[in-house]
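Numbering of residues begins at 1 and proceeds along the displayed sequence. Any value given below was found using the heavy atoms of this structure, including those in side chains, with hydrogens, waters and symmetry copies removed.
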Amino acid sequence: MHFPGRFAEQLVAENLAQVSLSFLVDDLVVRRGGAAANIAFALGVLGQRPVLIGAVGDDFADYRSWLERNGVDCSGVHVSEVAHTARFVCTTDEEFNQIASFYAGAMAEARNIELAPVVAATGADLVLISPNDPLAMLRHADECRQRGYRFASDPSQQLARLGGQEVRRVVEGAELLFCNAYEWGLLLRKTGWSEPDVRRVVGTRVTTFGAEGAEVVCRDGSCLHIPAVPARGRVDPTGVGDGFRAGFLAGVQTGLSLERSAQLGSLVAVLVLEVTGTQEWALDHGGARQRFADTYGAEAAADVAALLS
């Protein structure tokens, strides 16, 4: 929502202990989101067969149809009998200040989901643990280790909520670890790990730096620096990291090198950045291949052509 004024002008300093405000907004936009759904949607656009796992409310029907039309298997989604689907509600003023609330709702029931039946039914061969109910993240990481499932760890927004030992449980044993530059520093501080410590417990660390690109660090210490695809306009950064993860995973799952996978992630990220909303972007195949070639070269574009066709 948008408030055509300034929040600061409505706050009375001496009465902040008893705030009672109502803002008359002049715009309301409802958009689809959620880290797992954003990543699954992008994987579907790239021709993969993602399986979404999570907990939702009975208000999920329209969203389910949208995701399934875009190639997402929603058979692993649990529908709560008592709570609505999680949602983020935000009001922005003229100065781009924001007052927001996050309703977890049905998300708390994700901790009751067992991975094994979904993996057995769908044949999924990599589990991505993205921001979710903290107990669900811990349970799923534990189950992956116990059952020998390949998994990737993406704690991102929940790093602020998780304690150091919990972060260790979500990360340890992951084939891939995703984070942005700020989250990487927070992860090190919370866990007490050093950079070499992280290399000992994960396969490959992928850290994004916005317009500065991404860094891919392997267990042996080798490091790749991947420049970002230049943006034609910065419209909305929400979901950009999810787009990167989807592109990277699509590349890895189809046998591309880590370098090409990160380059593909950067392309998807910039497509998300250039529109409002996390799932409003589209893949213009010819245009996408050209942008990829312009940034990384014709040989690189040929390597990813199958995913952009």
Exercise. Closest approach of Ser261 and Gly251, non-hydrogen atoms and distance?
Worked result: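 It is OG-C, 3.2 Å.
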For this session: Can you see which heavy atom on Leu267 is nearest to which on Ala288, and at what distance?
Result: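 Leu267 and Ala288 have their closest heavy atoms at CD2-O, 3.9 Å.
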Determine yes or no for a side-chain-to-main-chain donor-acceptor pair under 3.5 angstrom, with [X] supplying the side chain and [Y] the backbone.
| X | Y | answer |
| --- | --- | --- |
| His285 | Leu308 | yes |
| Arg199 | Cys218 | no |
| Arg291 | Pro230 | yes |
| His140 | Ile113 | yes |

Is there a side-chain contact between [X] and [Y] (heavy atoms, below 4.5 Å)?
| X | Y | result |
| --- | --- | --- |
| Val171 | Trp193 | yes |
| Ser153 | Phe178 | no |
| Leu258 | Phe248 | yes |
| Arg139 | Arg111 | no |
| Trp281 | Val268 | yes |
| Leu264 | Arg260 | no |
| Ile129 | Phe151 | yes |
| Cys179 | Leu187 | no |

Ionic contact status for [Y] with [X], cut-off 4.0 Å:
| X | Y | result |
| --- | --- | --- |
| Asp73 | Arg49 | no |
| Arg168 | Glu172 | no |
| Asp59 | Arg87 | yes |
| Glu195 | Arg205 | yes |

Problem set entry | Phe7 and Phe3 aromatic ring geometry - parallel, tilted or perpendicular at 30°/60° bounds |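 The rings of Phe3 and Phe7 lie parallel, inter-plane angle below 30°.
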In terms of hydrophobic clusters joined by side-chain contacts under 4.5 Å, are [X] and [Y] together?
| X | Y | value |
| --- | --- | --- |
| Leu67 | Val51 | no |
| Val167 | Leu135 | yes |
| Leu128 | Leu159 | no |
| Val272 | Leu43 | yes |
| Val119 | Val72 | no |

Problem set entry | Pairs flagged by salt bridge (charged side-chain N to carboxylate O under 4.0 Å, His left out) wherever residues 148-158 is involved - sequence neighbours left out |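 For residues 148-158, and leaving out neighbouring residues, the salt bridge (charged side-chain N to carboxylate O under 4.0 Å, His left out) pairs sorted by first residue read Asp125-Arg150, Arg150-Glu175, Asp154-Arg245.
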Exercise. So with a 6.0 Å cut-off around CD of Glu114, is the heavy-atom count from everything else above 12?
Worked result: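 Yes, enclosed.
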Problem set entry | Exceeds 12 heavy-atom contacts within 6.0 angstrom, atom CG of Leu21 |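 More than 12 heavy atoms, drawn from other residues, nucleotides or ligands, come within 6.0 Å of this atom.
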For this session: Could you grab the distance from atom OG of Ser65 to atom CG of Asn70, nearest 0.5 Å is fine?
Result: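 CG of Asn70 is found 11.0 Å from OG of Ser65.
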Problem set entry | Pair Glu215-Trp184, side-chain donor/acceptor within less than 3.5 Å |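 No, Trp184 and Glu215 have no side-chain donor paired with an acceptor closer than 3.5 Å.
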For this session: Kindly indicate, with the supporting measurements, whether the criterion side chain to side chain contact (heavy atoms under 4.5 Å, CB included) is fulfilled by Asp236 and Leu273.
Result: CA-CA 5 Å; Asp236 182 0; Leu273 177 65; over 6 Å; no
